[in-house]
Each structure stands twice: as C-alpha cells, then as structure tokens.
Amino acid sequence: MKHFIINQKINKFFNRFFTYLFLIVLSVIILYPLLITVQSAFNVSNLAAFALDTHMKWTLDNFHQLFTQSLYLTWFKNTMLIVILTMVIQVIIVTLAGYTYSRYRFKGRKNGLIFFLIIQMVPTMAALTAFFVLGLIINGLDQYWYLTMVYVGGGIPMNTWLMKGYFDTIPRDLDESARIDGAGHLRILCQINLPLAMPMIAVQALWAFMGPFGDYLLAAFLLRSPENMTVAVGLQQFIANPTNQNVSMFAAGSFLISIPIVILFLFLQRYFKSGLTAGGTKG
Amino acid sequence: MNNHQSKKKDVRKAGLLSLIPGFGQIYNGQILKGLLFLLITAIFLIELVTVGVPAFQGFFTLGTVPIRDHSLFLLVKGTLQLIITFVFLMVVLLSISDARQVAKQQNLFGSVNYSVSSMLKNVWERGFPYLLTFPAYFIMLFVIVFPVLVTLFMAFTNYDFYHIPPTKLIDWVGLKNFTNMFFLSSYRATFVTVLGWTIIWTILATTGQIALGIITAVVTNQKFIVGKRIFRIIFLLPWAIPAFVTIMSFSNMFNDSIGAINQQVLTLVNYLPFVHISDIPWKTDPFWTKTALLMIQTWLGFPYVFVMVTGVLQSIPDDLYEAANIDGANFLQKFTKITLPMILFATAPVFITQYTFNFNNFSIIYLFNSGGPGDVGGGAGSTDILISWIYKLTTGTSPQYAIASAITIVISIIVISISLITFKKTHAFNHEEMM
C-alpha cells in the first residue's frame, strides 16, 4: 500500500512537471515572435536583423516616421471605416437570415442556404477580374462600399448557418407564448430572441470584424490609389522589396493595428464558449 | 357575408394565367396585387428589350469588331443579365404559387383580401421570412454567384495574354482548356506537382493544428494548473492578432541571413550538447520553406481548435471519468475511449471546414515567400498551392485567365464533392429534421 502511494506521488510529480513544461514551452514559442515584432517597433536601430535584441534602446521615432513619412494614419482610418461598415451590415443581415432559417418554414428554405454554402467553396481567385469589371461597370472601383459589399457577401453563408444553429438552441416555447399574448413577428424577434442570442451576435461581430482586417488580396486588388489603401496592403509595401525593407516601420505599424483587435478579442472571448459550441457543434 | 364570391375559381386557370405575373391575381380579384406583379413584369420586359437582348447577343458572340467590342465586358454583362432573368423567373414562380393558393383559399372559405390594408397585412404575415432573407440573397447573388458564373464561363473561352480585350477579341473554345490541362504535357506536369503539394499541405497543416489544439486543450484543462487564465490568453494570441501581421513577421524571421531563426534560435539550440545545426536555407530550399510554412500554419491555426475543444471538454460530465477510474482505466485509455470520441463527435463538421480553409489558404503561401523558391513550370513556384498558382496565372505579366478558370472549376468540383460526402457522413445538414 505504501509503495503504491509513493508510486502515485511520483506519477503526480511527473504529470505536473511535464504539464508545466509543455505550457511554458508553448507560451515561449507563441510569445517569442510577437516580442520580436513589438520590440522592433520600439527599437532605435533599423538594423536589418529581425531578432530579439538584448540591449535595445527605447524610442518612439518609428511611430513618428510612420505618421509623417507614410500614409499610415489614412490607411488606418480606411481600414477602420471598412471593417466597421462590414461588421454592422454583416451582423444585421446574418442575424435576420439566421433567425428566419431557424424559425420559419418557407419555400426554398433548406435548398437555398445549402446551395450558397456549396457555391461559396468555389475559390473566387480566378474571378478577381470579374469583380474588377463589375466594379468598373457599377463605378465601384477604389470605393469602400464596393469592397465592403464583397466582404459582407463572402461572410454570409457560413455565418448564417452558425447563427441558425444558435437560434435553434433557443426554445420555441417562448415564441409560442408570446404569440398567444398577441405579439407580432417583430416583437418576438426583437424582445425575445435577440436578447437571448447576444453571445452569438457578439461572436459574429468579432468574426465580421476580423475577416476584412486580415484580408490582403481583395483590398490590394480593388483599392487602387495609395490614399485609399488598407493597413494590410500598406504594410506589405514596407517589406515587399527584399533589398530595401523598412522593418522598423513595418513593426510599428503592425503593433498599432494589432492593439485594437487584440483588446476586442480578449474582451469578447468569454462569449466564445457558448457561441462556438452551440453554433459549431450542431452544424 | 361574401355571397357575391360564391362562384368557384379554377385553381389551374389561376396558375396558368400567372405565367404572366399579375393576370392570375387579377383573375382572383386581387387587383392591386395583380397590378404590382404586372408592374414588375413590365419593368423586366423593358429592361430585357433595351439592355437584355443586346447583352445576350454580346454574350453569345463575345464581340465581332476589336476595339469597338470589349469581349470581357460583354461576358460580364451577359452574366449579369442571366442573373436578372433568373430573378424574374423566381418572381414568376412566386406569382404562380401565390395565385393557386389564393384561388384554393377562395374555394374553401369564399373570402379574399380586397382592401389595401388587409393585403399589406397578408404580405407582412406571409412574406416576413422572404423580407428578412432578401438582403442576404441579394448580396450573395452578386458577390458569390456572379463571380462563380463568370469563372465558369471564362473556362470555356480563350482569354489569355494573346487575347486581351479590347484590342483582341475573346472567343468560345469549348472544352479546349480542360483537354489542355489534362493532355498538354507542360500544364499537366505543373498541375500534378502543384496538386500533390496542395494535398500534402492541406492534410499536414490542418492535422497539425487540430492535433496541437486538442493536446493543448486537454493539458490546459487539468484542474491543478496555476495561472490557467494567463496561459489561456497567451494561447489565444495567434488567433487574435491579424494573420497578415504574423505571417509577414515570420517571413522576416525566417530570412536566411538576417532572420531570428537562423541568427538566434539555432545559435541557442547549438548550446545544447551534441547538437550542431548550421544555418538552414528557409527561403531558398523548397523542403525547408515547406517545413517553415507547416510550422507557421500550426502556430496560427491551433488556437481556434483549442478554444472549441476546451468548450467541449468542459461539457463532458465528470462521472464518465469517475466510472472509468473505478474500472481502473489509465490516462491513455480515458483519453482514447472517452475524451477523443466526445471531441470528434462534437466538432467533426468544423474540422472539415478547417481542411477546406487550408486547401484555399492563399495568404500564408503568398505572404510568406510568394510561393517560391524556384519554379515548377507554368508560372508556379515550388511551394505554390493551387489557389496561389491561380492567382499568379491571373495577375502575372502573361496572364492565363482561361486556364486559371478551368483549374478553378476542376478543384471546386473536387472540394465540393469531398465536403458534401463528409458533411453527409457527419449528418451536419440533417440534424434539423429531428426538431
């Protein structure tokens, strides 16, 4: 018996040791590259070496340069405008559509959504030209609303599906009793279902926010003039040319653009569990 | 009350009349609704005569005189006209089904909505689901269906750098691009090479991120861990930071001569006894570029799986494990017999979307090393996956739009069939029948 207990203690020790070892090593692997970028943003020298500097000198010059010698502030403003527009429009559309798919039975309901879910798997890479020509025809080239519409459209099928999955988990008895009490369609939607769907709406908002934030391709293709670019396209220019990289300005720009999204992400992450598992596991 | 409505309506007649939307409604006595449908029909007919017919003509000929006729515009306008026509056909179907339903209702109850207010109320009640989904459908038609149609049509043309409108015309060439792709040796060789790497990439990268995500979730979920919240936040960071930022940073770090990996990490590793690794050609050797890409994608992609699996783990009831403990199961048995099946059952459909995501993961390939190093023919670099090859085919100095479209069609068919089969197997589309 005593032998058994000692054995168990050793087991326990090893388990804890390797658990912490794993957690710490993984944390280092995650933090190391991020620290390099953050440090390069505040480091004085624009040495080409992109590594952790052990004796760095703090400075804000890189940011000063970024604001005065490039259009970064304009890019930042553009990105924010596009991203917020996309988020608002997409969340409204997806919430309404997801609710309808969950609560109403109507012609073309099931096939409609599955059709779009399948069709959106076709990569639109080859059709970039089509977007370009359509942009020319409807005068949308170099315009934010056009890019925003493209982002919104791409996000609708999958997110509507997840939204529908979440609404499916909200009991319908509530709707029924409200209907008996004389509530109309809009009241049932706004006063009963929307408040209950808030966690999923928060997750949806975050995803709609992050999608365009990280997009390089469409923005580079549909926004042509430098003063209309987004941060992703602008930053890429700093390091695109291998012989003339501006790593410091790139790092400073990356740091600034990451701050708002990380804060929002950590702020909303408590909703993830309910949003992801309900929407994700059910379909 | 409605005595004057005693005579029966012919349901079939109402439906047939509605082939011209509006007539069926007027036959049913719903004048206002009928006029509304007629108005839509009239607008469509005017559009068809003034814009539509020339658009269809242009679509079939793709232009006859260079400079004057811009083949690409004709193709795009024809596609748009197709979509508009399709939407009108939907209106026709709606009108027929509406006319038949109203006629049936009249025969049963002898009543019909005459007044404006009752009609509006009816539209609100019955049309509510259509009203709410309309914006979604409208945008999807133009942002998702339209480009897919254009890609489909372009695959049957000869649109390449020899045929750039408006100085040259584009022509329909039938299946030539597809036969070229499979029988012309140069394209076939590139296609096979790129497809091979795409499949390896998709499987390894996705499996890597899923495996790391599951392991991390299981390890982090143990009760005794101090500072769990901090670890969880750290593990979320790769997901929270915009991917283009991290990929570009990694691209710098893996630089052969000045990057942190060669300069710092390898130097540190070499302090270990019996280890000596010289500088690794991350950006210039295909094998090492592929290795770097796989490591980066695992780094980028695991947090999503981690968060989801953590959610599942917390929903597994404790008594399952207690029962297993009583039966004397060890850690591995508990993991393979309880934890893993529960995770896979709950999250399989989402894992499938991860595979399709990586199959089309353009950003990492393009932003890390532009698909390089080297060249495997057809304009593709050695780490190009199909999607980034298509991008190069359409944006390079000698664009090959038609071939790129044909490749898109082929890989779409592959991806869609695989997803459909797996979705069917996991019953992702079927659960709602149980409601």
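By convention in this document, chain letters (A, B, ...) are assigned in the order of the sequence lines, proteins followed by strands, and residues within each chain are numbered from 1.
- Heavy atoms closer than 4.5 Å to chain A are found in the side chain of B:Phe231, but not in its backbone.
- Closest heavy-atom contact between A:Ile257 and A:Val231: CD1-CG2, 3.6 Å.
- Listed options B:Gly227, B:Pro399, B:Pro242, B:Ser97 were ranked by heavy-atom pairs under 4.5 angstrom with chain A; first place goes to B:Pro242.
- Proximity to chain A involves both the backbone and the side chain of B:Ile416, based on heavy atoms less than 4.5 angstrom apart.
- Taking A:Ile36, A:Leu266, A:Val152, A:Leu134 one by one and counting their heavy-atom pairs under 4.5 Å with chain B, the maximum is reached by A:Leu134.
- Contact between A:Met149 and A:Ile89 at its shortest, heavy atoms only, is CE-CD1, 3.9 Å.
- The greatest number of non-hydrogen atom pairs below 4.5 Å with chain B, out of A:Gln236, A:Arg16, A:Met121, is found for A:Arg16.
- Residue B:Leu94: no heavy atom, backbone or side chain, is found under 4.5 Å from chain A.
- The contact between A:Ser258 and chain B is made by backbone and side chain atoms together, counting heavy-atom distances below 4.5 Å.
- Applying the side-chain hydrogen bond (donor to acceptor under 3.5 Å, both in side chains) rule to B:Thr298 yields no partners; only residues at least two apart in sequence or on another chain are considered.
- Taking the six-membered ring for Trp and thresholds of 30 and 60 degrees, A:Phe221 and A:Phe132 have ring planes more than 60 degrees apart, a perpendicular arrangement.
- With a 4.5 angstrom heavy-atom cutoff, A:Ile119 touches chain B via backbone and side-chain atoms both.
- Looking at B:Met140, both its backbone and its side chain come within 4.5 Å of chain A, counting heavy atoms on both sides.
- Residues satisfying the ring-ring contact (aromatic ring centres under 6.0 Å, His included) criterion with A:Phe250, sequence neighbours excluded, are absent altogether.
- The greatest number of non-hydrogen atom pairs below 4.5 Å with chain B, out of A:Gly184, A:Gly253, A:Gly154, A:Pro157, is found for A:Pro157.
- Contact detail for B:Ile234 and B:Pro238: the closest heavy-atom pair is O-CD, 3.6 Å.
- Between A:Ile261 and A:Met210, the closest heavy-atom pair is CD1-CG, 3.4 Å.
- Residue B:Phe250 touches chain A through its side chain alone, counting heavy-atom pairs closer than 4.5 Å.
- Heavy atoms of B:Ser370 lying under 4.5 Å from chain A are absent altogether.
- Comparing B:Asn252, B:Ile390, B:Thr408 by heavy-atom pairs within less than 4.5 Å of chain A, the highest count is held by B:Asn252.
- Using a 4.5 Å cut-off between heavy atoms, B:Leu367 touches chain A through its side chain atoms alone.
- Minimum interatomic distance between A:Gly140 and A:Trp145 (heavy atoms only, all atoms of both residues): CA-CZ2, 3.8 Å.
- Counting heavy atoms from C-beta outward, B:Phe306 and B:Leu212 have side chains that stay 4.5 Å or more apart.
- Neither the backbone nor the side chain of A:Leu206 comes within contact range of chain B, judged by heavy atoms closer than 4.5 Å.
- Most heavy-atom pairs under 4.5 Å with chain A: of the set B:Phe138, B:Phe235, B:Phe362, B:Phe331, this distinction falls to B:Phe235.
- Chain B forms the most heavy-atom pairs under 4.5 Å with one residue out of A:Thr95, A:Ile156, A:Thr160, and that residue is A:Ile156.
- Interface remark: of the candidates B:Leu72, B:Leu93, B:Ile225, B:Ile225 forms the most heavy-atom pairs closer than 4.5 Å to chain A.
- At a 4.5 Å heavy-atom cutoff, the contact between B:Tyr159 and chain A is made by side-chain atoms alone.
- Side-chain rings of A:Phe22 and A:Phe18 stay apart, their centers remaining 6.0 Å or farther from each other.
- Closest approach of B:Ser405 and B:Ala155 over heavy atoms only: CB-N, 3.6 Å.
- Of the atoms belonging to B:Thr246, it is side-chain heavy atoms, and not backbone ones, that fall under 4.5 Å from chain A.
- A donor-acceptor pair shorter than 3.5 Å can be found between the side chains of A:Thr37 and B:Ser249.
- For A:Gln90, no part lies under 4.5 angstrom from a heavy atom of chain B.
- Interface residue B:Ile411: only side-chain heavy atoms are found under 4.5 Å from chain A.
- Geometrically, A:Arg103 does not engage A:Phe167 in a cation-pi contact defined by less than 6.0 Å to the ring centre and at most 45° from the axis.
- A:Ile259 does not touch chain B: none of its heavy atoms, backbone or side chain, sits under 4.5 Å away.
- Side chains of A:Thr100 and A:Lys164: no donor on one and acceptor on the other come within 3.5 Å.
- With a threshold of 4.5 angstrom between heavy atoms, B:Val150 approaches chain A through side-chain atoms but not through N, CA, C or O.
- Interface remark: B:Phe128 contributes side-chain atoms only to the contact with chain A (heavy atom separation under 4.5 Å).
- Ring pair B:Tyr304/B:Trp239 is perpendicular by interplanar angle, where above 60° counts as perpendicular and below 30° as parallel.
- Formation of a donor-acceptor pair under 3.5 Å by the B:Thr220 side chain with backbone atoms of B:Thr216 is found in this model.
- For B:Val219, the parts lying under 4.5 angstrom from a heavy atom of chain A are both the backbone and the side chain.
- A centroid separation of 6.0 Å or more is found between the aromatic rings of A:His185 and A:Tyr99.
- Chain A forms more heavy-atom pairs under 4.5 Å with one residue of B:Phe146, B:Tyr401, B:Phe142, B:Phe134 than with any other, namely B:Phe146.
- For the set A:Tyr216, A:Phe213, A:Tyr20, the count of heavy-atom pairs under 4.5 angstrom toward chain B peaks at A:Tyr20.
- Between chain A and the options B:Ile387, B:Thr394, B:Leu237, heavy-atom pairs under 4.5 Å are most frequent for B:Ile387.
- Only the side chain of B:Tyr366 comes within less than 4.5 Å of a heavy atom in chain A; its backbone stays farther off.
- Contact count against chain B (heavy-atom pairs under 4.5 Å) is highest for A:Val150 among A:Val150, A:Leu264, A:Val94.
- If you measure heavy-atom distances from A:Leu23 to chain B, the contacts under 4.5 Å come from both the backbone and the side chain.
- There is a side-chain donor-acceptor pair under 3.5 Å between B:Gln222 and A:Asn15.
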